[in-house]
Amino acid sequence: MLAGGMVITVIGGSHGTGAELVQTALTQGHSVTCVSRSGVAVDGVRDVRGDARDPAVLAEALAGADAVVITVGAARGTDTNRTEVTRAAIKAMTSAGPRRLIVQSSLGVGDSKNLLPGPLRLFANVALGKAFADHSGQEAAVGSCPLDWTLVRPGGLTNGPATGEFIAREGLGATPMKTRISRTDLAGYLLQIVDDPFSFGRAMVVGTPKSAA
């Protein structure tokens, strides 16, 4: 549904889903700014290197953007990197920036914990407790902000190829769904909803059909 020619800032675009999103957006004709500590060496990408919590870095990165996608993960020296970066981005966007914000969270956070089977829920809380707490802080910041936001909650992420076969919804729904999804398919979904008003103010669980390979 997304037409080419948007200006998209990806915060955390040097690795994982963010890197896939940068590449996908470029191939579809969008202008892309990547914000990261390590930087990227991709032709056509505006590379902003630095700490995404820094107002000066964010001011540079958000200049001219139509939308912001946050895909940051954990960082050394803090257990709340996702929350801190997201709060800083929201503050910068609210003051002088684009209204559209998409944030990658995780299945198992907030009310989506009820979508996990009991044994897996227990394991995830133990193994991913710090990450879930960080995502919870991140989601709280997003949910209370005045922007046109969407939270995206994938389950297990893989390095598989793009299939275009993904399901996104707010709850379990009627269609059987696997919670694992490739980073390339997740990037495709993130890009698909950049200009989709239906997704505003929603927390979407993303997975793949059970019939998919």
So, does [X] use its side chain to make a donor-acceptor pair with the main chain of [Y] at under 3.5 Å?
X: Thr9; Y: Ala61; result: yes
X: Thr94; Y: Lys91; result: no
X: Asp185; Y: Phe166; result: no
X: His30; Y: Val7; result: no
X: Thr150; Y: Ser199; result: yes

Could you pull out all donor-acceptor pairs under 3.5 Å where a side-chain atom in residues 73-83 meets a protein atom, sequence neighbours excluded?
unit_1	atom_1	unit_2	atom_2	d
Thr78	OG1	Thr80	N	3.0
Thr78	OG1	Thr80	OG1	3.2
Thr78	OG1	Glu84	OE2	2.9
Thr80	OG1	Glu84	OE2	2.5
Asn81	ND2	Gly73	O	2.9
Arg82	NE	His135	NE2	3.3
Arg82	NH1	Asp134	OD2	3.2
Thr83	OG1	Asp134	O	2.7
Thr83	OG1	Asp134	OD1	2.7
Thr83	OG1	Gln138	N	3.1

Please enumerate all residues that pass side-chain hydrogen bond (donor to acceptor under 3.5 Å, both in side chains) together with Asp43, with sequence neighbours excluded.
none
Using side-chain hydrogen bond (donor to acceptor under 3.5 Å, both in side chains) as the criterion, list what pairs up with Arg180, not counting sequence neighbours.
none
Residue pair [X] / [Y]: nearest heavy atoms and the distance that separates them:
X: Pro98; Y: Ala65; value: CB-O, 3.4 Å
X: Ala141; Y: Ser144; value: O-OG, 3.4 Å
X: Ala52; Y: Ala88; value: O-CB, 4.0 Å
X: Ser182; Y: Pro161; value: OG-O, 3.4 Å
X: Phe132; Y: Leu107; value: CZ-O, 3.6 Å
X: Gly13; Y: Thr71; value: N-OG1, 4.4 Å

Does the distance from a Lys or Arg side-chain N to an Asp or Glu carboxylate O, for Asp195 and Arg100, drop under 4.0 Å?
no
Residues Arg49, Asp47: salt bridge by 4.0 Å N-O rule:
yes
Do Glu165 and Thr208 have side-chain N/O donor and acceptor atoms under 3.5 Å apart?
no
What's the verdict on side-chain contact (heavy atoms from CB on, under 4.5 Å) for Arg183 and Asn159, showing C-alpha distance, side-chain angles and the deciding distance?
CA-CA 6 Å; Arg183 290 177 175 84; Asn159 292 320; 2.8 Å; yes
Arg202 NZ/CZ over Phe198 ring centroid, <6.0 Å and within 45° of normal
yes
Does the pair Leu101 and Asp148 meet the rule for a side-chain contact (heavy atoms from CB on, under 4.5 Å), with working shown?
CA-CA 6 Å; Leu101 173 65; Asp148 296 328; over 6 Å; no
I would like to know whether Glu60 and Leu58 meet side-chain contact (heavy atoms from CB on, under 4.5 Å); could you show each step before the answer?
CA-CA 5 Å; Glu60 180 183 356; Leu58 287 171; over 6 Å; no
